[in-house]
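Heads up: the structure comes next, in structure tokens.
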Amino acid sequence: MEDDDGQDYVDKSRVLNVRPLRCLAPIFPSTPSFPSFPHPQASSPFMCPPPAGHFPPGFASFYPFSGYPDSQNMQTPMPFGFNGSIPAVPINSFRSGANGDAGSSGRSSRNPGPSQYEEGDGYSDWVHVNDGEDSSKAATKKKRTPKRARAGSGQDINVASSDVDVDAMVDKIVESFNLMDFDTFKRADGDKDSVGYIRMIYDLLRRKLSQIEDSKESTPGVTRRPDLRAGTILMNKGIRTNVKKRIGVVPGVEVGDIFFFRMEMCLVGLHAPIMAGIDYMGLKVSQDEEPVAVSIVSSGGYEDNSEDADVLVYSGQGGNINNRGMEITDQKLERGNLALEKSLHRGNEVRVIRGVKDIANPTGKIYVYDGLYKIRESWVDKGKSGCNVFKYKLVRLSGQPEAYTVWKSVQQWKDGSTARVGVISHDLTSGAESIPVSLVNDVDDEKGPSNFTYYPGLKYSKPVNSNESSTGCGCQGGCLAGNSSCPCIQRNGGNLPYTANGVLVSQKPLIHECGSSCICPPNCKNRVCQSGLKIRLEVFKTKDKGWGLRSWDPIRSGAFICEYAGEVIDITSAEELRCVNDDDYIFDATRTNQSGEGFLNASNETLKIPFPLIINAKHAGNVARFMNHSCSPNVFWQPVLRENSKECDLHIVFYAYRHIPPMTELTYSYGIVPPDRADQRRKKCLCGSAKCLGYFY
DNA sequence: ATCCGTCAGAGGTAT
DNA sequence: ACCTCTGACGGATCT
């Protein structure tokens, strides 16, 4: 502003001219003067993004997963394996005090406290599902008018998909999360737990609805929107939180969180409108009430731009900019535009969500919550069409965790315009994987993990014969979801275990992928985890847990990450190694799930492992050997069997538990040992989670 | 593989 | 009832 060339002031006056109504009085009065400028004392121009610093084990704290309810079976996962490297040095660094805020652990710099505008509190919010007298939903929909008998075809959408009892499915999903403290959620505002649960439930439901749709004939003209459907269902059941609009921080949602659908943001109260980019609310000012903006979504629909990652020039709404077919008109100072103008003068915080293209799924978008901004100025531009378009310049508040800037950095690392700091090796796999895996240390002098051979698969000393005579499929063009006669689909219980874009629908006791005895091509939808890494990973030195694994790319819930590679050993060998404490890097699929918080033995089912698979990755292995343990993991493992008529081709495969923002450490739960081995040495856990048990095996 | 055009759609707001 | 920076599809266009 001051340091601008002044042109903006000219523009600003035009705003007043444009102002068509009384809405905006000739104000500029009590602008809660933000210092005429430059950021107060923006501590240090975050030059050196403390590598691991900003991304401590700050995530998670909730989440369970346990019985990913499967259409037929439920089972419980039970991660385990072993971390390796360097006996962790106990440094607490991030341990949030005993503050009740479950989970806000890591992030050194938290969001500024709740805005002073926030009024009332949330009571209600997370509402019980089968609550007889649940009121929250009564007020909302319910009366969804039947819309005039739509062009005939419409309603069979519901009928068609109701051959599956969706309602029961949802209840089962919710139940599987074992929300023992459900009642406390009912009273609470959103918090990390409830937000986490809701998001996991939402995406699981969405994937299941997708799966159902995938297996049906696609009826031309009917658009399938599992995202909307899942959202509506949860809305109606009251499985949502932060229902009341608020300015500023949304409890339970962290800066940097990513979303794959607008509906997800509605459910957790981050941004209510399902399409509109500007969310606003009435704010009481003395007697009157005026609209103020609370959040915006910038996703490329308008001519926004931002030269600096902390600055956003946002376009107002309206004017038929994105409504082709209608004549483009001048935007009016009403609705969201008016709210933004009011917020400019009021100086309230506005949440900013940035939409970015999803590289892994080009038809989709990812929304990055970039934290709080303030509107600094507004003016009117002539759009390309020559009509008036409102512009709002927003500047990010300092002291918040990095979010969008991380995406920018990654982009630069990829295109080579900026070098990744602390790189030891650009590809520690030496070409063994189809995409490189960086080795990075920006915290100390260590030059790398101890020697090992990078090997992306499993090494058997002797083949394990298959006792079932399996025959592969004959799906020439690849297995189709709707093909119930495909033997591979039958083995999976009648459905393809993955959605059309390759995301695992839910955990299962055992997944059957197509293998060498199938004739389907490598791009078959049932060959997800056998074509190598898809995600750009890096092995990095953590602050206090030795080496760890994280991703440059965002990872969506259910996405394949990698398998656990190494040498297959037998139980006797494993025991021997344990005796001499040389069992780091051992993955033992016979371990049971972690019990207690987060994990639940929802049913008697457990993972079905055809034979006791134990993998030693000490001498040879892949990136999975670097994944650390966490009591609140964001990754889980799952046995996967590939169809192979001669041998038993079993693999341990890792998938994302939930959406994982870029540069967040990937962790899974190593699980617990069977009772007869309970005396095994424990290791001190440094996961930093609010639910940390303090140790792991 | 990208791009455009189509279109049903949801919740929230305003009427 | 009206509004809207969705998102899946189908078809055209393009290295």
Side-chain angles (χ1 to χ4, degrees), chain A residues 23 136-137 139-148 150-158 206 209-210 213-214 217-236 240 243-245 259-267 269-282 289 291 293-306 312-326 329 331-332 334-340 352-367 383 389-392 499-501 523:
Chain A
C23 340
S136 86
K137 74 174 180 187
T140 54
K141 351 219 339 155
K142 177 60 179 171
K143 51 191 172 185
R144 188 109 303 222
T145 47
K147 293 284 190 192
R148 63 264 170 194
R150 190 178 311 274
S153 67
Q155 63 267 55
D156 47 336
I157 300 175
N158 280 337
R206 188 193 61 78
L209 293 174
S210 296
E213 290 294 337
D214 286 348
E217 290 289 322
S218 64
T219 30
V222 179
T223 40
R224 312 176 311 172
R225 294 293 299 269
D227 59 316
L228 296 184
R229 187 113 186 280
T232 307
I233 291 170
L234 297 191
M235 285 272 186
N236 288 334
R240 55 186 297 187
V243 178
K244 188 191 291 264
K245 289 198 182 187
F259 302 82
F260 287 76
F261 293 93
R262 290 286 298 260
M263 199 51 113
E264 285 185 81
M265 298 189 283
C266 299
L267 290 170
L270 183 62
H271 186 86
I274 188 143
M275 290 183 73
I278 306 168
D279 192 9
Y280 55 98
M281 63 183 272
E289 190 168 284
V294 296
S295 63
I296 59 171
V297 176
S298 170
S299 54
Y302 289 74
E303 299 166 18
D304 297 346
N305 80 59
S306 53
L312 172 65
V313 175
Y314 191 78
S315 304
Q317 63 185 188
N320 299 322
I321 303 293
N322 57 355
N323 192 350
R324 266 174 252 269
M326 294 188 67
T329 63
Q331 291 186 340
K332 300 194 187 83
E334 57 184 21
R335 297 172 184 277
N337 300 343
L338 177 60
L340 286 168
V352 169
I353 296 117
R354 293 176 181 260
V356 297
K357 200 165 73 172
D358 181 1
I359 315 103
N361 181 25
T363 62
K365 233 178 256 173
I366 301 177
Y367 298 96
V389 176
F390 287 95
K391 295 286 186 179
Y392 300 90
T499 63
N501 54 15
N523 68 349

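Letters A, B, ... are given to chains in the order of the sequence lines, protein chains preceding strands, and every chain is numbered from 1.
Following rounding to the nearest Å, A/Arg335 (CZ) and C/dC2 (P) show an atom-to-atom distance of 11 Å. Across the protein-nucleic acid pair, A/Asp214 atom CG and C/dC9 atom C1' stand 14 Å apart, rounded to whole Å. The distance between atom CG of A/Asn361 and atom P of C/dG7, rounded to the nearest whole Å, is 11 Å. As a whole-Å value, the separation of A/Gln317 CD from B/dG12 P is 16 Å. A/Asn236 has its CG atom 10 Å from the P atom of B/dA10, to the nearest Å. Whole-Å rounding puts the A/Arg229 CZ to C/dT6 P distance at 22 Å. The separation between A/Phe259 atom CZ and C/dG7 atom P is 13 Å, rounded to whole Å. Counting to the nearest Å, the C1' atom of B/dG9 and the CG atom of A/Asp227 are 10 Å from each other.
OP1 or OP2 of C/dT6 has at least one side-chain nitrogen or oxygen of A/Tyr367 nearer than 4.0 Å. Close to C/dT6, at under 4.0 Å from its OP1 or OP2, lies a side-chain N or O of A/Lys365. Checking the phosphate oxygens (OP1, OP2) of C/dC9, a side-chain nitrogen or oxygen of A/Arg224 falls inside 4.0 Å. In this structure, A/Ser315 does not reach the C/dC5 phosphate: none of its side-chain N or O atoms is under 4.0 Å from OP1 or OP2. Within the 4.0 Å cut-off from OP1 or OP2 of B/dA1, not a single side-chain nitrogen or oxygen of A/Lys357 is found.
Nucleic acid contact for A/Tyr280: sugar-phosphate only, since backbone atoms but no base atoms lie under 4.0 Å from a heavy atom of the residue. Counting non-hydrogen atoms under 4.0 angstrom, A/Gly318 reaches the backbone sugars and phosphates but no base. Nucleic acid contact class of A/Asp279 (heavy atoms, under 4.0 Å, all strands): none. Among the atoms of the strands shown, base atoms are found under 4.0 Å from some heavy atom of A/Arg225.
Annotation: of the two residues near DNA chain C, A/Arg206 and A/Gly319, the 5′-most nearest-nucleotide partner is A/Gly319. Heavy-atom distances to DNA chain B give each of A/Pro291 and A/Ile233 a nearest nucleotide, and the one nearer the 5′ end belongs to A/Ile233. Heavy-atom distances to DNA chain B give each of A/Pro273 and A/Pro362 a nearest nucleotide, and the one nearer the 5′ end belongs to A/Pro362.
A salt bridge between A/Arg262 and A/Asp227 is absent, with no side-chain N of the basic residue lying under 4.0 Å from a carboxylate O of the acidic one.
Although no hydrogens or angles enter the test, the distance criterion places no donor-acceptor pair under 3.5 Å between the side chain of A/Tyr280 and the main chain of A/Asn337. No side-chain donor-acceptor contact under 3.5 Å links A/Glu264 to the backbone of A/Phe259. In terms of modelled atom types and a separation under 3.5 Å, the side chain of A/Arg224 and the main chain of A/Glu213 share a donor-acceptor contact. A donor-acceptor pair is defined here as one N or O able to donate and one able to accept, closer than 3.5 Å; no such pair exists between the side chain of A/Tyr314 and the backbone of A/Phe390. At distances below 3.5 Å, not a single donor-acceptor pair connects side-chain atoms of A/Asp279 with backbone N or O atoms of A/Val294.
Taking the side-chain contact (heavy atoms from CB on, under 4.5 Å) definition, one finds that A/Ala276 meets it with A/Pro273, A/Gln317, sequence neighbours left out.
A distance of 5.0 Å separates CE in A/Met263 from CG in A/Leu228, rounded to the nearest 0.5 Å.
Secondary structure note: stems in DNA chain B built from 3 or more consecutive Watson-Crick or G-U wobble pairs under 3.5 Å occupy B:1-8 with C:6-13, B:10-13 with C:1-4.
Closest contact between the side chain of A/Thr232 and the listed nucleotides B/dT13, C/dG7, B/dA10 involves B/dA10.
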